[in-house]
Asker: 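Please see the structure below; I have some questions.
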Amino acid sequence: MLHINKIRENKESYIALLKVKNMDATDLIIHAIAKDDERKATQQKADELLTKGNQLAKQIGELYKTGKAAEANALKDESSTIKESSKALQAKQAELEKEIQDILVQIPNVPHPSVPQGKSDENNITIKEVGAISALMKGAKPHWELTTDYNLIDFELGNKITGAGFPVYVNKGAKLQRALIAYFLDKNIAAGYTEYLPPHVVNEASGFGTGQLPKFEEDLYKIPSDIDLYLIPTAEVPITNFFRDVIVKGFPIKCTAYTPCFRREAGSYGKEVRGLNRLHQFDKVEIVQIQHPEKSYETLDVMVNHVASILNELELPYKILQLCGGDLSFSSALTFDFEVYSAGQERWLEVSSVSNFESYQANRLKLRYKDENGKMQLCHTLNGSALALPRIYAALIENNQTAEGIKIPKALQPYTGFDIIK
RNA sequence: GGAGAGGUGGCAGAGUGGUCGAAUGCACUGGUCUUGAAAACCAGCGUACAGCAAUGUACCGGGGGUUCGAAUCCCUCCCUCUCCGCCA
């Protein structure tokens, strides 16, 4: 959520920048500012009345104390009237505050000035491409055939017990998944991140804090119970919410966590969702940083390089893309996506998304620090996948299929305990 | 699931109807003293909103109520702790 005062200060430039996200926020912004003006005026009136009321109450107290009960009683009527009108004003103020918030949550984060205009992922800019796409043997297979041939994943079984998009990993297929999780976590810990294992279910306040709610409720699985709980769509939600209402003492704060991720993915279909390409439950290792505003873009680069170094070790061909305005998420100011080449499908698969949210999330979270003048300021938050499992898994087995079997990259062998799947 | 206790500033902890945004201690910040440090002493030290400012308003777990006036009384919800039961 953008801060209303920041919107006031940067009205024109925000409107212009939001157009890069293909969003005309002019009406929302004008409306929000008008409501805020009204709110200020209302508060001033309410404060005046309350001041008067407080003074009267004090007088009445004094009069009682000095035994002038009659005079005190005379003042009570006036006090009652004041109270009634101030209540009405306060109710109006609360209503206005809610209206303003309802508008503000509809305005996406302002993109960084470097974000290119664009309609969709086709307009993303390739920053870097690493690793040669190796020529595969004849008859190379997509992963959904390999997982069956080698008995690594049972999609049918998952279908039976839960539904489509909930695969069951089997035998070495399960071990490979577990190895990747442990490997990613170790890489992140080595880079200075603290490991967490958070709950996989969060409350409404957390969903709001990171921006999944109220706008994207239909993307989440909701647990019917007396209080509203949601299955997490990413570890970003519990982790970032650790810092809700927190005043941080030092920067940076670096967290990593493995969690399963649950997504409704309503409306997806076709070969985009075949096999591991898009699931309702998948595993992901996430990295999150809380940073000083002046350092956040530097940190974004560091995080991008960190993810790149993991892909280098896994010997997967990948490219880094800067997302255009049209593909940028609601809360993000600047995002770099990683795609690995999946040789069996002959296409690029998104495996990581590294973003700087600037103070957009922090404002909702009330995640702040005290600056050198002792003033409260909003922190910047960043996060990225390091990494999302299923598509890495898919690319790994597709790219490394040989006549002898599926070869495991060196970096992963200490974790799998085997170097080939036959 | 049953019984009880409790939620106050960064922490500890007072406060049961008015002058309480809240004693006191610790922590923290600045100063005096000291060769330096410690100790001692002096001063400062919550957040949000409004205002150029002076200042005003709100906040003592959340919400509602009683009252001229609520941290304090009432209702309700949430949370924590202790004991018992159940349980991986």
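Because the structure is predicted, anything quoted here is derived from the model rather than measured. Lettering of chains follows the sequences in order, A, B, ..., and the numbering in each one begins at 1.
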Asker: Quickly work out the Ile82(A) CD1 to U67(B) C1' distance and round it to whole Å.
Answerer: 15 Å

Asker: Which nucleotide, in any strand shown, forms a Watson-Crick or G-U wobble pair with C26(B), with both distances under 3.5 Å?
Answerer: G10(B)

Asker: Identify the residue among Arg368(A), Arg364(A), Lys366(A) that makes a salt bridge (Lys or Arg N to Asp or Glu O under 4.0 Å) with Asp245(A).
Answerer: Lys366(A)

Asker: When you compare C26(B) with G21(B), how far apart are their P atoms, in angstrom units rounded to a whole number?
Answerer: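 Looking at atom P only, C26(B) and G21(B) are 25 Å apart.
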
Asker: Grab the NZ-C1' distance between Lys40(A) and U57(B) for me, whole Å please.
Answerer: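 One finds 15 Å between C1' of U57(B) and NZ of Lys40(A), rounded.
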
Asker: Compare the minimum distances between each of C49(B), C68(B), U47(B) and the side chain of Arg368(A), then state the nucleotide with the smallest one.
Answerer: U47(B)

Asker: Can you see if the side chain of Arg39(A) gets near the phosphate of A50(B) - specifically, an N or O under 4.0 Å from OP1 or OP2?
Answerer: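 Checking Arg39(A) against A50(B): at least one side-chain N or O falls below 4.0 Å of OP1 or OP2.
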
Asker: Hey, is CG on Asp27(A) packed in by over 12 heavy atoms from elsewhere, all under 6.0 Å?
Answerer: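 No, CG of Asp27(A) has 12 or fewer neighbouring heavy atoms, counting only those of other groups under 6.0 Å.
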
Asker: I want to confirm an ordering. Mapping Leu75(A) and Asn5(A) to their closest nucleotides on RNA chain B, which one lands closer to the 5' end?
Answerer: Asn5(A)

Asker: Under a 3.5 Å cut-off for both distances, is G18(B) Watson-Crick or wobble paired, and to whom?
Answerer: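 Across all strands, the one nucleotide that pairs with G18(B) is C68(B).
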
Asker: Tell which nucleotide pairs with C81(B), taking only Watson-Crick or G-U wobble pairs whose two distances are both under 3.5 angstrom.
Answerer: G4(B)

Asker: I'd like the P distance from A27(B) over to A12(B), given in whole Å.
Answerer: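 Per the computed distance, 15 Å lies between those P atoms.
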
Asker: If you measure from the Lys or Arg side-chain nitrogens to the Asp or Glu carboxylate oxygens, is any gap between Asp37(A) and Arg8(A) under 4.0 Å?
Answerer: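 Looking at Asp37(A) and Arg8(A), the cut-off is met.
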
Asker: Cation-pi check, Lys254(A) to Tyr193(A): give yes when NZ or CZ is under 6.0 Å from the six-membered ring centre and within 45° of the ring axis, no otherwise.
Answerer: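 Lys254(A) over Tyr193(A) ring: yes.
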
Asker: Nearest to the side chain of Lys370(A) - U47(B), A50(B), G65(B)?
Answerer: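 It is U47(B).
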
Asker: Using the P atom as the reference point in each nucleotide, state the distance between G56(B) and U67(B) in Å, no decimals.
Answerer: 28 Å

Asker: Without decimals, in angstroms, what is the distance between Gln101(A) CD and A48(B) P?
Answerer: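 For the pair Gln101(A) CD and A48(B) P, the rounded distance is 17 Å.
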
Asker: Say you pick atom C1' in G65(B) and the same atom in C28(B); how far apart are they, in whole Å?
Answerer: 40 Å

Asker: Quick one: which of G69(B), A58(B), U47(B) gets closest to the side chain of Lys83(A)?
Answerer: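 When the side chain of Lys83(A) is considered, G69(B) is the closest of G69(B), A58(B), U47(B).
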
Asker: Within the 4.0 Å heavy-atom criterion, would you say Gln43(A) contacts the bases, only the backbone, or no part of the nucleic acid?
Answerer: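 Contact class for Gln43(A): base.
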
Asker: Taking the six-membered ring of Tyr221(A), is the NZ or CZ of Arg263(A) close enough (under 6.0 Å from the centre) and on axis enough (within 45°)?
Answerer: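 No, Arg263(A) does not lie over the aromatic ring of Tyr221(A).
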
Asker: What's the closest nucleotide to the side chain of His3(A) if the choices are U47(B), C49(B), G65(B)?
Answerer: C49(B)

Asker: Quick one: Asn373(A) CG to C45(B) C1', roughly how many Å, whole number?
Answerer: 16 Å

Asker: How about Thr335(A) and Ser332(A): does a side-chain donor come under 3.5 Å of a side-chain acceptor?
Answerer: yes

Asker: Of the options G56(B), C68(B), A48(B), whose atoms approach the side-chain atoms of Met376(A) most closely?
Answerer: A48(B)

Asker: P atom, G46(B) versus A23(B): distance in rounded Å?
Answerer: 11 Å

Asker: Provide the Watson-Crick or G-U wobble partner of A38(B), both distances under 3.5 Å; none if there is no partner.
Answerer: none

Asker: Among C68(B), G65(B), A50(B), which nucleotide sits nearest the side chain of Tyr64(A)?
Answerer: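 The listed nucleotide nearest to Tyr64(A)'s side chain is C68(B).
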
Asker: Take atom P in A70(B) and the same atom in C33(B), then report the distance between them in whole Å.
Answerer: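 The same atom, P, in both gives a distance of 49 Å.
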
Asker: Take atom P in C86(B) and the same atom in U72(B), then report the distance between them in whole Å.
Answerer: 40 Å

Asker: Measure from the side chain of Ser79(A), starting at C-beta and using heavy atoms only, and say which of C68(B), G51(B), U57(B) lies closest.
Answerer: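 Of all the options, the side chain of Ser79(A) is nearest to C68(B).
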
Asker: G9(B) and G15(B): how far apart are their C1' atoms, nearest whole angstrom?
Answerer: 14 Å

Asker: Cation-pi check, Lys295(A) to Phe251(A): give yes when NZ or CZ is under 6.0 Å from the six-membered ring centre and within 45° of the ring axis, no otherwise.
Answerer: no

Asker: In whole angstrom, what separates Asn54(A)'s CG from U67(B)'s C1'?
Answerer: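 In whole Å, U67(B) C1' lies 14 Å from Asn54(A) CG.
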
Asker: Could you tell me the Watson-Crick or G-U partner of C49(B), where both distances fall under 3.5 Å? Say none if there is no partner.
Answerer: G56(B)

Asker: Round to a whole Å and report the spacing from CG of Asp36(A) to C1' of A50(B).
Answerer: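 Checked: the CG to C1' distance equals 11 Å.
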
Asker: Starting from C1' on C49(B), measure out to CD on Glu38(A) and report it in whole angstrom.
Answerer: 16 Å

Asker: For the side chain of Gln90(A), starting at C-beta, report the closest nucleotide among A58(B), G18(B), A50(B).
Answerer: A58(B)

Asker: In terms of the nearest nucleotide of RNA chain B, which residue is placed more toward the 5' end: Ser80(A) or Lys58(A)?
Answerer: Lys58(A)

Asker: How close or far is atom P of U47(B) from atom OH of Tyr369(A), stated in whole angstroms?
Answerer: 15 Å

